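Here the structure is laid out as C-alpha cells; the discussion comes afterwards.
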Amino acid sequence: RYKVIKKLGGGAFGEIYKVEKRKTGDFLAAKVEKAVKNAKHIMLFWESKLIHKLRGKTAVPNLHFVGDEKTEDSKTYHVMVMDKLGKSLEDLFQECRRKFDLSTVLHIAVQMFQRIQVVHEERIIHRDIKPENIMLSKEGEIKLIDFGLSQRTQGNKKLKSIAGTPYYMAPEVLEGH
C-alpha cells in the first residue's frame, strides 16, 4: 500500500516515516511500532482511536490507514498513516533563534486554546503537550500529534497516573496534587 521514503523521527513508542501511497503518489506520514506477540495494550491503536474521535475537528491530522502490515521478511508492524504535516513548533522556534514576535505568539496561542478545547470537549486529556507535539499543516494551521499517553476522562474523576515529559509538566502535576 505504501512505500517508505525516509525516516522523519522517532520516540519511545514508535518511529515516523514519510511514505508514498502507491495508488495515488500522495505523500503521507506513517507512525510505526513493532508488533509484539500477545500484547494486550497496543499504544498505536489506542492513539488512533482518540485521533479518530477527533476527526474533522481541525485539532489533529487526518487518518488514512490504521492496521498491521507485514514486511517482505514477514515481520509484522502496527501502522498508523496520517497527513504529512510541516514543521513542529520546536523546529520553528529554533529557526527563529528562540524568539517569536507578538503577533506570532498570539496566533499560536489562539489556535492552541481552540485545539485543546476541542480535545477536552471529547473528554480526552493529551498529557504530553510540548513544542515537538505541535505541528503546522501546509496551510499554517496548528495540529496536535502524539496522543499515545492520552486518556479519556470520566466526568469529574481525577486521573490517577502521571504521564508526559517532566520538563513540560505543570508543577502541581509533578508534586502529585
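Please read all numbers here as calculations on a predicted model, not as lab measurements.
One distance of note links CG of Asn62 with CG of Leu85; it measures 9.0 Å at 0.5 Å rounding. Separation of atoms CG (Asp128) and CE (Met169) is listed at 7.5 Å; rounding is to 0.5 Å. With rounding to the nearest 0.5 Å, the separation of CG in Asp146 from CE in Met135 is 11.0 Å. The line from CD1 of Ile116 to CD1 of Ile124 is 13.0 Å long, rounded to the nearest 0.5 Å. The structure places CG of Leu89 at 4.5 Å from CD1 of Ile108, a figure rounded to the nearest 0.5 Å. A distance of 7.5 Å separates NZ of Lys18 from CG of Leu8, quoted to the nearest 0.5 Å.
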> Where do Glu132 and Thr165 land on the side-chain contact (heavy atoms from CB on, under 4.5 Å) test, with the steps shown first?
Replying inline: CA-CA 11 Å; Glu132 296 92 327; Thr165 306; over 6 Å; no
> Yes or no on side-chain contact (heavy atoms from CB on, under 4.5 Å) for Val60 and Lys143, after CA distance, side-chain angles and deciding distance?
Replying inline: CA-CA 5 Å; Val60 295; Lys143 303 283 184 180; 5.7 Å; no
> What's the verdict on salt bridge (charged side-chain N to carboxylate O under 4.0 Å, His left out) for Glu20 and Arg1, showing C-alpha distance, side-chain angles and the deciding distance?
Replying inline: CA-CA 9 Å; Glu20 181 180 8; Arg1 288 179 221 212; over 6 Å; no
> Given the rule in the side-chain contact (heavy atoms from CB on, under 4.5 Å) test, do Lys21 and His64 qualify, once you have shown the distances and angles that lead to the verdict?
Replying inline: CA-CA 10 Å; Lys21 188 171 184 175; His64 296 267; 5.5 Å; no
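Residues Arg115 and Ile134 fail the side-chain proximity criterion, which asks for heavy atoms closer than 4.5 Å. Side-chain contact between Met80 and Glu47 is present, with at least one heavy-atom pair separated by less than 4.5 Å. When side chains are defined from C-beta on, Ile142 counts as touching Met112, because their heavy atoms get closer than 4.5 Å. Contact annotation: the side chain of Val66 approaches that of Phe45 to within less than 4.5 Å [non-hydrogen atoms, C-beta and beyond]. Under the 4.5 Å side-chain criterion, counting only non-hydrogen atoms from C-beta, Asp68 is in contact with His78.
One side chain, Ser137 or Glu139, offers a donor N or O that lies under 3.5 Å from an acceptor on the other.
Around the CZ atom of Arg97, the shell of radius 6.0 Å holds no more than 12 heavy atoms that belong to other residues, nucleotides or ligands.
Residue Ser88 comes nearest to Pro131 through the heavy atom pair CB-O, 3.7 Å, listed as atom of the first residue, atom of the second, then distance. Between Ser103 and Asp101, the shortest heavy-atom contact is OG-OD1, 3.1 Å. Residues Lys7 and Glu15 share a closest heavy-atom pair of NZ-OE2, 2.9 Å.
With respect to the salt-bridge test (charged N to carboxylate O, under 4.0 angstrom), the residues Glu69 and Lys75 do not qualify.
Side chain of Trp46 to main chain of Gln151: no donor-acceptor pair is present (N/O by atom type, distance under 3.5 Å, no hydrogens or angles). At least one donor-acceptor pair under 3.5 Å links the side chain of Arg123 to the backbone N or O of Thr153.
Ile145 and Leu63 end up in different hydrophobic clusters when Ile, Leu, Val, Met, Phe, Trp and Tyr side chains are linked at under 4.5 Å. Residue Ile16 is not grouped with residue Leu144 when hydrophobic side chains (ILVMFWY) are merged at heavy-atom distances under 4.5 angstrom, including chains of intermediate members. No continuous path of ILVMFWY side-chain contacts below 4.5 Å connects Tyr168 to Ile129, so the two sit in separate hydrophobic clusters. Cluster membership for Met82 and Leu50, using ILVMFWY side-chain heavy atoms within less than 4.5 angstrom, is shared. When the side chains of ILVMFWY residues are joined at heavy-atom separations under 4.5 Å, either directly or via intervening members, Ile125 and Val119 end up in two distinct hydrophobic clusters.
Each ring pair (Phe, Tyr, Trp, His ring centres under 6.0 Å) pair with one or both residues in residues 93-121, not counting sequence neighbours, appears once here: Phe93-Phe100. The list of ring pair (Phe, Tyr, Trp, His ring centres under 6.0 Å) pairs with a residue in residues 133-159, not counting sequence neighbours, reads His126-Phe147.
A cation-pi geometry, defined here as NZ or CZ lying under 6.0 Å from the six-membered ring centre and within 45° of its normal, does not hold between Lys130 and Tyr167.
Residues passing the side chain to side chain donor-acceptor pair (under 3.5 Å) test with Lys3: none are found, sequence neighbours excluded. Applying the salt bridge (Lys or Arg N to Asp or Glu O under 4.0 Å) criterion to Glu122, with sequence neighbours excluded, gives Lys53, Lys57. Contacts of Glu95 classified as salt bridge (Lys or Arg N to Asp or Glu O under 4.0 Å), with partners at least two apart in sequence or in another chain: Lys87.
Counting side-chain heavy-atom gaps under 4.5 Å among Ile, Leu, Val, Met, Phe, Trp and Tyr, the cluster of Tyr2 also holds Val4, Tyr17, Val19, Leu28, Val32, Phe65, Tyr77, Val79, Val81.
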